[in-house]
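Data first, discussion second: the structure below is written as structure tokens.
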Amino acid sequence: MKIEGRHTVPAPQETVWQRLNDPSVLERSLPGVERLEPDGPDRYRASIKYKVGAVSGSFSGSVELSEKNPPHSMRLKTSARGVPGFVTGEGKLELVPKGAETEVVYSGELQLGGLLAAIGSRMVESAAKKSIEDFFKSLASS
Amino acid sequence: MIPAAFEYFAPKSLDDALRLVERHGDEAKLLAGGQSLIPLMKLRLSVPRYVVDIGRIRSLRSIREEGGWLVIGALSTHHDVESSEMVRLMAPLLAETASEIGDVQVRNRGTIGGSLSHSDPAADYPAAMLALDAQIVAASSSGTRTIHASEFFLDLMTTQLRPGEILTEVRIPRLPERSGSAYRKLHQPASGFALAGAAVRVSLDEVGKIASAAIGITGVAVRPFRASGAEAMLAGKKPSPKLLADASEKVADGVEPLADIHASAAYRRAAASVYARRALEAALARAEGEKG
Amino acid sequence: MATATKLIGKPIKRKEDPRLVQGIAHYVDDLTLPGMLHLGIVRSPYAHARVRSVDVSKALAAPGVVAVLTAEDVQGAIAPIPCAAQIPDMKPAPRPVLATNEVRFVGEGVAAVVAADRYALRDAMDLVEVDYEPLPAVVDLEKALRKDSPRVHDGLADNAAYHWALEGGDVKKAFKQADRVVKLRMLNQRLIPVAMEPRAVLAQYDRGDNRLTLWSSSQIPHILRTQIAAMLNFPEYGVYVIVPEVGGGFGSKLNVYPEEALACHLAIKLEKPVKWNEGRRENFLSTIHGRGESCDMELAVKRDGTILGMRARVLADLGAYYQLLTPLIPTLTGLMICGCYRIQNLSVEITGVLTNKMATDAYRGAGRPEATYFVERAMDAVAAELKIDPAELRRKNFPKPKDFPYATATGLIYDTANYQGALELALKKSGYKALRRQQAALRKKGRLLGIGLSSYVEICALGPSSAMPAGGWESATIRIEPTGRVRVLTGSSPHGQGEETSFSQIAADMLGVGLDDVIIVHGDTSAVPYGIGTFGSRTLAVGGTAIYRCCEKLRDKLLKIAGHLMQEDPAKLVLRAKQIVSKRDPKKSISFAETVGAAYTAKTLPPGVEPGLEATHFYEPSNFTFPFGTHVAVVEVDRETGEVKLVKYVAVDDCGNLINPLLVEGQVQGGIVQSIGQAMLEEAVYDDQGQLLTGELMDYAIPRAADVPKLETFHTVTPTPVNPMGVKGVGEAGTIGATPALVNAVVDALAPFGVRHLDMPLKRERVWKAIHQAPSESAGRPRRSK
Ligand SMILES: Cc1cc2nc3c(=O)[nH]c(=O)nc-3n(C[C@H](O)[C@H](O)[C@H](O)COP(=O)(O)OP(=O)(O)OC[C@H]3O[C@@H](n4cnc5c(N)ncnc54)[C@H](O)[C@@H]3O)c2cc1C
């Protein structure tokens, strides 16, 4: 499924870029991520705990940044795999300066597998959108 | 379809239950009718370490009148609500809504407290709660608090309830005179949940104008909502087919509808309008019936 | 028939029902054996991936776990799933019982875990760690056939499993002579069979006797026995397959599955009974699916509605691997594609397409519902374009009763029919003319009533062995026991259809005994003679005929013995009400009991007659049978929401003589309900990565009682000359005849909007879109209802 949208972060482009490249910020901002460990250049191993209402689960996954064009754009790939299946998200982030603020435009694909695809597609899509929102909110306050 | 191992408690009193959920916090799950929780546990999408079965707390299963309010205990099943004379008299919208939930087995097990706490975006009760301006009472070891329905539903399967709290009852205010209500729902053909559900309450004034209207919409977005734009259009006006149609067109304005294999966002929006209009028509007919 | 008919033709209640409704019947999962272990399959969450490694160490160390197997452990020990279908130049796509290096559909097994109880098993399954490297998935049929498509199977040149073509008459000429060519592209969507009882398997091995017993919820106990013996290289005489009660199959249990072989292998290896049973989600993922065919059809027509010729190009979604009959099913669509019409100029091309999905195979109707749907939809498109009433168009193109036996352009010989007779009865019973008037009146008010017809012919009683992959005959052994009770052993394997009752009716009438004097034994390969199984609407027409013929043998023997005792010519005797009576002098009789007794005491047998009363018959039919009928559906569409309400349904079916009208009624009604499912609700939805999105009954909608109005069923009776009872088969008629009638009705309702075709399932949103995006303005803006 396609995921796209835009978010305004109240910080200059350069700052937003730095935050996106700072593993400690990512660890704090990526929803559900409990730990992020380096796993090669621009690549991290993640352990994720997820909870929406009565639904919860543990996943292990990865975060990967690529095609970096500082401070304008990059690709972000995340994947998480656990007992109920897997989620991978891959997309492009563009940072557009808007005065003192930065608009982050994202577009990408979300792929669910296993039980998550079969049972939860409606929920997971909504949950993913919420997660992205939470991510940007958290990025703003980092 | 076997849940992960968990420890099971079956407290007989609310206090005992509150103590247990306080002690185990996030790792505990309350079990009421089990119609939402057990399937999730069997799929291991929910893996609580402790399950606190509140089904034996008799005091939570009651339907009564209290100072003009209809008070429904959290453990009242959908069937209890659907078949209660008192509910039919004081809040017929709730009885009608309960009768539209799932199937007989689900209605015999599922509870109003469980449905509201779980807050599935396609659940039926939330629409009625909003339309009836219900109050939701939550208890914790530090006391109880009352939450207005319009503030209760926060996000996808997320409510005002905090870990350690138990929803104990729902309180419905008395309807104004010359009121009518109706629930209309487009069923998801497989699960029976609402792809779009509209719960409507309208009240007329002496000259037959709409004094106020309340429209709760479920199934359409990540959380249920009041169609306040449509309500405002109706208030103070003489009902006419055109008015109802125009107001109904607006019910999903400003919300981002869900989309899945059962219905696109556009279809959910359109269905919400049609079902809201049909609910309005039925509610008005009932309100007018009351007048005579 | 020499005996007076008393039970045949009567609506006798099912003998099998008391035990079923009381809950005292036994299904596989009701069986428990001492020391029994439980098997679970760890399945792939990817539609296509390389399996880099499978780490079973944590699972093996978990409490209660007895064994964990991967592909390596069974390599050489268990052969792949057999496929009985042979199509020239078919590419190989055998399914290993556990995925070897690649997984090719979501749900494919990668490891088998065995534990002491189901709880330990479930926990341990989560501990098997599989490292997958995702590969691109092949999902869409058209895309799958492109040159640049990824391959489902690496070694194959492309994803086309085979091309199968058939040509009859002179198609080019027909299209040249046509006034018009009507084209339609249609999809007959992939469905999930949803038998009420999912599959279940229990295997037990006795080392002392070298005896392997397999209980399975199956439609084909003997074929299963043979195939399991072959897959495990185990002597077939040591394999005992027992099929206890089966909670529905619809074709999904006409197969051999990995779990059957794995449970047997493990039972032998561990010397403990091993049970596996399927959850609903597993059932959706890894039990065969049905249908999944798309068709581009062109009909060459004359202005008066005469169909001159047909071209059809069918793409069939086979899935990733072949199950028992996978490649064969679409060819049945090809054989039946011209339906009940005189279309002698024809070309059909079928391409079997490999995709990263569960295999398709026989699902109630198996190829014929697709054929009927395609031709019946196309007939309605012709009627609409030529502005001819759909009933009139059909009438015009039917072969006449005198034309039978009728040779089709596809090489079949239709046995006998009166298509128009069935059509006229359906029109009369539905009040067709009045319905059309009502439709016109309602349209003026903005209401959308639709009337849909479907005339069908199907191919049943499968079939002569020459046309079947593994024999088309059926067997019966009948023993009249010394007390006079009759034990009928059948090679068929009824699983809900009610043949314990209809077979009893046949045997009782033939032997002049009561219904309760007869017991029907089936499904136990050590008790009954080898048989083919229950599918293809064959059980009564082939299995029942075997019983009929077998009864004739016993009857002749009884009459011989009685004649000897009575000093009467056996040719002058009849069996009736437990008496053997002289036709010349009805007062002259001897009791059935006495005659049976004489056969066993063997003191006064006629010369040359062996003692005992047992006979066996293997019946080989000379042809298929071709039941037919016309169904009429009436729907009303809610123009605001696209909801379709079925308001009336009339079915006229001709399945030849009716042995038990109540059973026929049950089959017809059940089939129509499944058609409602296909037409309105059901679809196995895979996303573009091959994930099954309708993975549960919460998302895969099947019809419920409330969706079904009273179904009015009628019959014309045109007995087949193919078998002595004149019976044809009715098990699949409903799913074949009803689907197009329903869709035709909805498309007819939407005619004011210029809608020509809609693909199934006719979900509300699809209908709503058709109304709201209609190009035609003739219907005006949808009005609001008051
Ligand atoms: C086949 C099927 C069809 C259904 N169809 C519909 C439908 O059409 N419409 C509809 O609205 N619903 C439907 N449902 C859901 C049903 O209404 C459930 O009963 C309801 O969602 C949950 O109520 P429960 O009592 O079963 O709660 P449980 O499953 O026991 O609990 C659900 C959640 O709420 C929490 N909880 C329960 N009680 C309390 C409490 N008092 N205080 C705090 N937390 C609590 C639990 O911890 C859990 O997280 C369906 C369910 C099924 C299985």
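All chains are named by letter (A, B, ...) in the order of the sequence lines, taking the proteins before the strands, and each is independently numbered beginning at 1.
Put simply, of R122(C), M698(C), R281(C), the one with the most heavy-atom pairs under 4.5 Å next to chain B is R122(C). Options E683(C), E643(C), E696(C), R118(C) differ in how many heavy-atom pairs under 4.5 Å they form with chain B, and the most are formed by E643(C). Ranked by heavy-atom pairs shorter than 4.5 Å toward chain C, the options S264(B), A270(B), A271(B) are led by S264(B).
Contact of S273(B) with chain C is not made at all, since no heavy-atom distance falls under 4.5 Å. Interface residue D126(C): only side-chain heavy atoms are found under 4.5 Å from chain B. Contacts of R764(C) with chain B are made by both backbone and side-chain atoms, with heavy-atom separations under 4.5 Å. At a 4.5 Å heavy-atom cutoff, the contact between L697(C) and chain B is made by backbone atoms alone. Heavy atoms closer than 4.5 Å to chain C are found in the side chain of L195(B), but not in its backbone. Looking at Y119(C), both its backbone and its side chain come within 4.5 Å of chain B, counting heavy atoms on both sides. Looking at A263(B), both its backbone and its side chain come within 4.5 Å of chain C, counting heavy atoms on both sides.
Under the 3.5 Å distance criterion, the side-chain polar atoms of Q188(B) are matched with a main-chain donor or acceptor of A190(B). R286(B) contributes a side-chain N or O that, together with a main-chain N or O of S181(B), makes up a donor-acceptor pair within less than 3.5 Å. R766(C) places a side-chain N or O within 3.5 Å of a backbone atom of M760(C) that can act as its donor or acceptor partner.
Of the residues listed (L750(C), D638(C), T641(C)), the one engaging I771(C) in a side-chain contact (heavy atoms from CB on, under 4.5 Å) is L750(C), and it is the only one.
Ion pair E765(C)/R269(B) not flagged as a salt bridge, since none of the NZ, NE, NH1 or NH2 atoms sits closer than 4.0 Å to an Asp/Glu carboxylate oxygen.
At least one cation-pi condition fails for K357(C) and F105(C): the charged atom is not both under 6.0 angstrom from the six-membered ring centre and inside a 45 degree cone around its axis. For the pair R278(B) and Y275(B), the cation-pi criterion (under 6.0 Å, within 45° of the ring axis) is fulfilled.
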